[in-house]
2 protein chains.
Amino acid sequence: MAVRKYSRQRESIREMLLSRKDHPTADAVYADIRKIYPNISLGTVYRNLSLLAELGEIKKLSVGDGSEHYDADTTPHNHFTCRCCHAVIDLDMEDVSSIKETAAKRFDGDIEDYSINFYGVCGICKSKSS
Amino acid sequence: MAVRKYSRQRESIREMLLSRKDHPTADAVYADIRKIYPNISLGTVYRNLSLLAELGEIKKLSVGDGSEHYDADTTPHNHFTCRCCHAVIDLDMEDVSSIKETAAKRFDGDIEDYSINFYGVCGICKSKSS
DNA sequence: TTCGATAATAATAATAGTTACTGAAATTAT
DNA sequence: ATAATTTCAGTAACTATTATTATTATCGAA
C-alpha cells in the first residue's frame with residue numbers, strides 16, 4: 001500500500017465517528033453507515049477502522065466486553081463501562097497522566113501508552129434500580 | 001447450580017494458575033493442563049476459568065490482543081503489554097488506586113473497579129533491538 | 001480525456017476465540 | 001449402595017474479525 005487513495009466510504013466512516021459521542025463497535029458503525037451506503041461491506045468497515053486507528057485518527061478501545069470500540073476523540077481521556085447497560089462513556093475527570101511516569105520509575109522497558117477503564121453502574125442504571 | 005461440587009480439573013487449573021507468574025490465555029492454560037489431564041476439554045478450561053473469575057478467585061484481564069488473559073493474583077496491581085513480544089507482565093509500581101476517587105468526583109454513577117494497562121516495549125525487547 | 005497502474009470495494013470464505021449442548025462419568029447426600 | 005445433581009469430554013454452534021477474490025474507483029501521466 002504505497003499511495004493511499006481517497007474513498008467515500010472511509011471518509012463517511014470517519015465523519016460518522018466524529019459525529020457521535022458514544023464509542024460504537026464495528027457492528028454499530030456498520031449499522032449506521034448502511035443508512036448512507038446501503039451495500040457497504042462489513043469488511044470495509046473493519047478495514048477502515050483499523051486503518052484510521054493505525055493512522056492515529058481514531059482510537060481503538062478494549063473494554064473487555066468481547067468486541068472493540070472506536071473513539072474519534074484522540075485526546076487523552078478515560079472511559080467507564082456500565083456492567084448494567086454496557087454503555088461505554090467518557091469520564092470527566094482531572095488529568096492522571098502522571099501515572100505513566102509513576103509506572104516508568106521501576107520499569108526497565110519503554111512505556112509508550114496506557115489506558116484506564118473504570119467499571120461499575122452508571123448514573124442512569126443506578127437511579128432505575130433504586 | 002445450587003451446590004458447587006469439587007472437581008480435580010478445576011482444582012488443577014487453579015493450582016496451575018497460582019504457580020505461574022505470567023498471565024496465560026485460556027489456550028495456554030489448556031496446553032499446560034493437558035500435561036496432567038491429557039484429555040481435558042478446552043470447554044472445561046473455559047468454563048472453570050469463568051467460574052473462578054466469577055467467584056473472585058482469579059482475575060480476567062483484557063489487554064486488547066484478541067484474547068482474555070487470566071491472573072491468579074487478585075491483589076490490586078497493574079499490567080504492561082509489550083507490543084513487540086506480546087508478553088503481559090506485572091508492573092512493580094507504587095499504588096495509584098486514588099484514581100478511583102478522582103474518577104468518582106464528577107461522576108454520578110458508582111465506580112466499583114478499574115484496570116490500567118500500559119503498552120510499550122519491554123526491557124528484553126528493548127535491549128535486543130538496540 | 002483517456003489510459004494504465006493500483007488501491008479500495010463488495011461479497012464471501014475462512015479463522016480465532018468462546019459458549020452451548022449432550023450423554024456419560026464423578027461427586028456428594030441419603 | 002443408591003439417588004440426585006454437578007461436572008466432564010466431545011462436539012457443534014456462535015460471534016468477532018481477518019483474508020481472498022474479482023470488480024470498481026481513484027489518480028497521475030500521456
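Everything numeric in this text was worked out from a predicted model, so none of it was measured. Chain naming here is simple, since letters A, B, ... match the order of the sequence lines and numbering starts at 1 in each.
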Quiz item: Thr44(B) near the nucleic acid: base, sugar-phosphate alone, or nothing, with a heavy-atom cut-off under 4.0 Å?
Solution: base
Self-check item: Pro24(B) versus Val29(B), closest heavy-atom pair with distance
Solution: CG-CG2, 3.8 Å
Quiz item: What nucleotide among dT7(D), dT26(D), dT11(D) has an atom nearest to a side-chain atom of Arg47(B)?
Solution: dT7(D)
Quiz item: Looking across every strand, which nucleic acid part, if any, lies under 4.0 Å from Asn48(B) by heavy atom: base, sugar-phosphate, or nothing?
Solution: sugar-phosphate
Quiz item: Would you say dA25(D) has OP1 or OP2 under 4.0 Å from some side-chain N or O of Gln9(A)?
Solution: no
Exercise. Could you tell me whether Asp113(A) and Lys59(A) have a side-chain N and a carboxylate O separated by less than 4.0 Å?
Key: yes
Quiz prompt | Whole angstrom value for the distance that separates P of dA24(C) from CG of Asn39(B) | solution = 17 Å
Quiz prompt | Side chains of Asp65(A) and His86(A), donor plus acceptor under 3.5 Å | solution = no
Quiz prompt | Nearest-nucleotide pick for Ala2(A), side chain only, options being dT18(C), dT17(D), dA7(C) | solution = dA7(C)
Self-check item: Closest listed nucleotide, where the reference is the side chain of Ser67(A) and the choices are dT19(C), dA16(D), dA11(C)
Solution: dA16(D)
Quiz item: Whole Å only: how far is the CZ atom of Arg34(B) from the P atom of dC8(D)?
Solution: 16 Å
Practice problem: May I ask you to say what Tyr46(A) touches in the nucleic acid, namely base, sugar-phosphate or nothing, with a heavy-atom cut-off under 4.0 Å? | Solution: base
Quiz item: Taking the side chain of Arg4(A) as its heavy atoms from C-beta onward, which of dT7(D), dT17(D), dA8(C) lies nearest to it?
Solution: dA8(C)
Exercise. Return the nearest nucleotide to the side chain of Ser41(A); candidates are dT12(C), dT11(D), dT18(C).
Key: dT12(C)
Quiz item: Among side-chain atoms of Asp90(B) and His77(B), is any donor-acceptor pair under 3.5 angstrom?
Solution: yes
Exercise. Choose from dA11(C), dT9(C), dA26(C) the nucleotide whose nearest atom is closest to any side-chain atom of Arg8(B).
Key: dA26(C)
Exercise. Give the rounded distance in Å between these two atoms: OH of Tyr37(B) and P of dA9(D).
Key: 9 Å
Quiz item: Salt-bridged, Arg106(A) to Asp92(B), with N to O below 4.0 Å?
Solution: yes
Quiz item: On DNA chain C, nearest-nucleotide positions of Tyr6(B) versus Ala26(B): which is more 5'?
Solution: Ala26(B)
Self-check item: 5′-ward residue of the pair Lys5(B)/Leu42(B) relative to DNA chain D
Solution: Lys5(B)
Self-check item: Distance below 4.0 Å between Thr25(B) side-chain N/O and dG17(C) OP1 or OP2
Solution: no
